[in-house]
Amino acid sequence: MTAIRATNLHKEYRRRGRTTVAVDDVSLHVEVGEIVGLLGRNGAGKSTTVDLVSGLRAADDGTVRVLGHDPRVDRAKVRGVLGVQLQQPRLHDALTVRELVRLHRSFYPTGRDPDELVEAMGLADRRDTRFEKLSGGQMQRVSIAVALVGNPRVVILDELTTGLDPEARRGMLDLVRGLREDGTTVLLVSHHMDEVEKLCDRAIVLDAGRVIADNTPAGLVTDASLPADAGLEEAYLTLTGAAR
């Protein structure tokens, strides 16, 4: 079964008389239980693609289905099965960590224990701290907790480990592995090739708003015509034309 299917997505932004194509005929799929990486340099269209898949923005053309539901039309159904952690957290500044996670837990009929999740995120000593007083890495962990508290069947994680120290980063990677064991589908947006290489079944590469590659990490090395012992980072740089 397909958890995420995007077909021929197109999105333009118009500002001051200029038109910028952010996503140009993007099609991708993520099967149930897969962890798929979404790669691309800044401006490649990753964040816009995530916004379209999650229903935060409407596509100018194309379709999106999350477990068969349209995220713009079937909002309630999609909210019940999809958790989204964005690169820039959009949460209420005046609420504490505990209040935010408990609030979002209240949106779902079932889910995880908020206090246990706060502790699992390494935020137990910040549970009564207002969101606006947190560091960037702590804000990121609250955003992840909010995305997971409803126990979603599909999760989008956008730059999961940005701003995290090495210990916290290892903890987040273990968390993603745990999601896989629970059968949760993950779309992981990342600039860290080692994360994608360790965690992902496949990786999709965007460049200038278009999909230029979709394969396993090892398959991308082959697609880039590199030796089998080359890494994903070298393959990515070659495919996007950034290799020196």
Rounded to the nearest 0.5 Å, what's the gap from CG on D25 to OG1 on T7? Could you check? 10.0 Å

Rounded to the nearest 0.5 Å, what's the gap from NE2 on H104 to CD on E99? Could you check? 11.5 Å

Under the ring pair (Phe, Tyr, Trp, His ring centres under 6.0 Å) definition, can you give me all pairs with a residue in residues 3-62, not counting sequence neighbours? none

Are the side chain of [X] and the backbone N or O of [Y] linked by a donor-acceptor pair below 3.5 Å?
X    : Y    : result
K11  : A58  : yes
R72  : G55  : yes
R180 : L199 : yes

NZ/NE/NH1/NH2 to OD/OE distance under 4.0 Å, R102 and D115: yes

Could you tell me whether R41 and D207 make a salt bridge, using a distance below 4.0 angstrom between a side-chain N and a carboxylate O? yes

Tell me, do E31 and R5 make a side-chain contact under 4.5 Å, heavy atoms counted? yes

Side chains of M139 and V142, heavy atoms from C-beta outward: is any pair under 4.5 Å? no

Could I get the full list of side-chain hydrogen bond (donor to acceptor under 3.5 Å, both in side chains) partners for R169, not counting sequence neighbours? D194, E195

Listed partners of R79 passing salt bridge (charged side-chain N to carboxylate O under 4.0 Å, His left out), at least two apart: none

